[in-house]
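For reference, the structure discussed in these notes is given below.
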Amino acid sequence: MKRIEQVLTDAVIRAGRELWQTDLAESQIQLQKTRKDFTGDLTIVVFPFVRFAKSSPEKAGEVLGEYLVKQLDEIRDYNVIKGFLNLVIDESYWQAMLAVIAKDPDYGISQADDEAPLVMVEYSSPNTNKPLHLGHIRNNLLGYSISRVLEASGKKVMKVNLVNDRGIHICKSMVAWLKYGNGETPESSGKKGDKLVGDYYVRFDTEYKKQVKGMEAAGKPRKEAEGKAPIMLEAREMLLKWEADDPEVRALWEKMNGWVYEGFQKTYDRMGVSFDRMYYESETYKMGRDIVLKGLKDGILEQEEDGSVWADLEDRKLDRKLLLRSDGTSVYMTQDVGTAQQRFAEFPIEEHIYVVGNEQNYHFQVLSVVLDKLGYTWADKLYHLSYGMVELPEGKMKSREGTVVDADDLMDEMISTAKSMSDELGKLSEYNEEEKQNIYRQIGLGALKYFILKVDPKKNMLFDPKESIDFNGNTGPFIQYTYARIRSVLRNVSDAEVVFPQISLNEKEIDVIRLIHEFPEVVKTAADEHNPSVIANFMYDVAKEFNQFYHDHSILNADDADTRTFRISMSKLIGDMIEKGMGLLGIEVPERM
RNA sequence: GGUUCCGUAGCUCAGCUGGAUAGAGCAACAGCCUUCUAAGCUGUAGGUCCCAGGUUCGAAUCCUGGCGGAAUCACCA
């Protein structure tokens, strides 16, 4: 069935020819939703037509409105206010559309077929020396959600995680554990693996500072103290041994990373995110070197006297960028060049999305340019999904000041808040303990996820730990609650067949139906813009609108049987849509709450 | 200093591919539960859309210049 927007656009183009002898381009036809305080469903902006119509906007609107009402069964009425032509859509269109939607369980969602293009989404990409925190939560939720959204727009999606499992930071945890750990393990201490390793990272830092201070007190200049503190020398030595494949160091490294992965996995599982493939920097950090050397040979890159290799990007309004150190080793950029090349060679990737914070905007800008210079035609297929920081009222999170909001703790807190609110309301008495726990979890995480995802990714956002995340108003639980209400109504009807009898629709019903109609467009916009917040804000509108309808009109006690059937079907559709939409955000919806 | 991003109600955020009188939630105040779940609904109050120019029939939206904030500009990752 053709969407009304398309029908109208086509008709206006015909009108342009017949009324004004003008060929209108689709882009000249501005269709928008009619504002609430005016009569109508869709509005055409007439101003662009006045020069063809050679009449006032009002006159042109009248002429066009009359034409459309006469030509299209879908348009019942029109009114013109200033240069705006407001069109009232005939109920027959809504009825027919609902009938089509009712038969399509995938409404709004496009399934990928074999031909569908592949999108690779890299996200999370944690370091293995510290537990996950609030910043990672935003990354993980965005990465997971955008993957779901892209799938829903008909793409094949591969979610990947590139774990930073090597480097001096890991060695610091290892040194501290050897020195002060007394063989402590997650089992012996009861600590989550990532937390345990993180604790030793902190311990290293404390010892290091102590040593630097001591050396400064003994008269050493600060720089020297920082560079020569014994514990730091140990960490550097450990890194060298690691690179030399020292078996003892490697064994310890594997053991401690193993603890971290176990801990991370628990956090990922709880958060509800997953990956199709893991990459590890220990396996990729040398990649890209050959590519760079070839670029050098081809005269695209240049070499300094000390042997270091550089890309000169000044013609692209960027700096010179180092690609190989003077000792011939790779840097971060080199590795990303290498991994990208490997991935594009291995998979038919149409787009590669990197979900990484905006502090790396420059890095990804350079990455694309370097790849382009090196002649890779897919260089423009990289997309940096750059997101802003999560700030606390006092500014950035700082581990030194203990203001880091731990991911596990935050989830715990959200769930326990959900529990106390639920228990107070006491609506879950029919459920056993396990079922209750599951609902607390759904609500607590729903609140957290929605809170994060409703904000435009590129903006910095504020999180105030003192004012816990809301459960009322524009929140996840509000939307979940709307769903639970719908399910509650539907539990009262046994014959769940979704049909739409011909009834005369009231205003609230039309408001709700319009949103049902909009859903596929919203999913498409979110996918095109790589922006889950589009879905989040839409789901809120849907819940808000449905709640108004629910408040004003009884579903089960409607005036007549047809109206009752219609409203039950409409509620079912809205419930399904909420479930799908929230699913795209990675948020579950409870049957009761 | 260069580059990028942000600046909308007391607070948190929508709206930004130019369109009508700029919208929600929270907080405040006033109402609505013998009727499908009140985590809901209704109302009141709250605005120099950072400032100044420009483009346009029309600017929160586009352009230029300021101001304020953030990020970044390593032989770190």
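Each chain gets a letter, A, B and so on, in the order the sequences are listed, and its residues count up from 1.
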- Task: Ignoring backbone atoms, test whether A/Gln548 places a side-chain nitrogen or oxygen under 4.0 Å from the OP1 or OP2 oxygen of B/rU42.
- Result: yes
- Message: Taking only side-chain N and O atoms of A/Arg485, does any of them lie within less than 4.0 angstrom of OP1 or OP2 on B/rA38?
- Response: yes
- Query: What about A/Ser533, does its side chain sit under 3.5 Å from the base of B/rA14 through a donor-acceptor pair?
  - Reply: no
- Message: Can you check the distance between B/rC11 and B/rC76, where both ends of the measurement are the C1' atom (answer in whole Å)?
- Response: 38 Å
- Message: Whether A/Tyr481 contacts B/rA39 is assessed here as follows: a side-chain N or O lying under 4.0 Å from the phosphate OP1 or OP2. Is that the case?
- Response: yes
- Item | Side-chain donor/acceptor contact of A/Asn472 with base of B/rA27 under 3.5 Å | no
- Task: Please report, rounded to the nearest Å, how far the C1' atom of B/rA77 is from the NZ atom of A/Lys130.
- Result: 11 Å
- Message: Tell me which pairs pass side chain to side chain donor-acceptor pair (under 3.5 Å) where either residue lies in residues 444-454 of chain A, with sequence neighbours left out.
- Response: A/Tyr450-A/Asn474
- When you compare B/rG18 with B/rC36, how far apart are their P atoms, in angstrom units rounded to a whole number? 48 Å
- Message: I'd like the P distance from B/rG23 over to B/rA9, given in whole Å.
- Response: 14 Å
- Kindly say if A/Arg325 contacts the phosphate of B/rA77, meaning a side-chain N or O under 4.0 Å from OP1 or OP2. yes
- Task: Write down the distance separating the C1' atoms in B/rG2 and B/rU17, rounded off to the nearest Å.
- Result: 29 Å
- Note on the structure: Rounded to whole Å, CD1 of A/Ile486 lies from C1' of B/rA39 at a distance of 15 Å
- Query: For A/Phe47 and B/rG19, do the ring centres fall under 5.5 Å apart while the planes stay under 30° apart?
  - Reply: yes
- How far, in whole Å, is B/rG47 from B/rA14 if one measures between their C1' atoms? 15 Å
- Can you find a side chain N or O atom of A/Lys36 that sits less than 4.0 Å from OP1 or OP2 on B/rG15? no
- Using a cut-off of less than 4.0 Å, is there contact between a side-chain N or O of A/Asn547 and OP1 or OP2 of B/rC41? yes
- Query: Does A/Lys544 place a side-chain N or O at less than 4.0 Å from the phosphate oxygens OP1/OP2 of B/rC41?
  - Reply: yes
- Query: Using centres under 5.5 Å plus planes under 30 degrees as the test, is A/Phe38 stacked with B/rA20?
  - Reply: yes
- Note on the structure: Considering only heavy side-chain atoms of A/Asn537, the closest of B/rU21, B/rA39, B/rA14 is B/rA14
- Query: What about A/Tyr481 and A/Phe478, are their ring centers closer than 6.0 Å?
  - Reply: no
- N/O donor-acceptor pair, side chain A/Thr482 with base B/rA39, under 3.5 angstrom: no
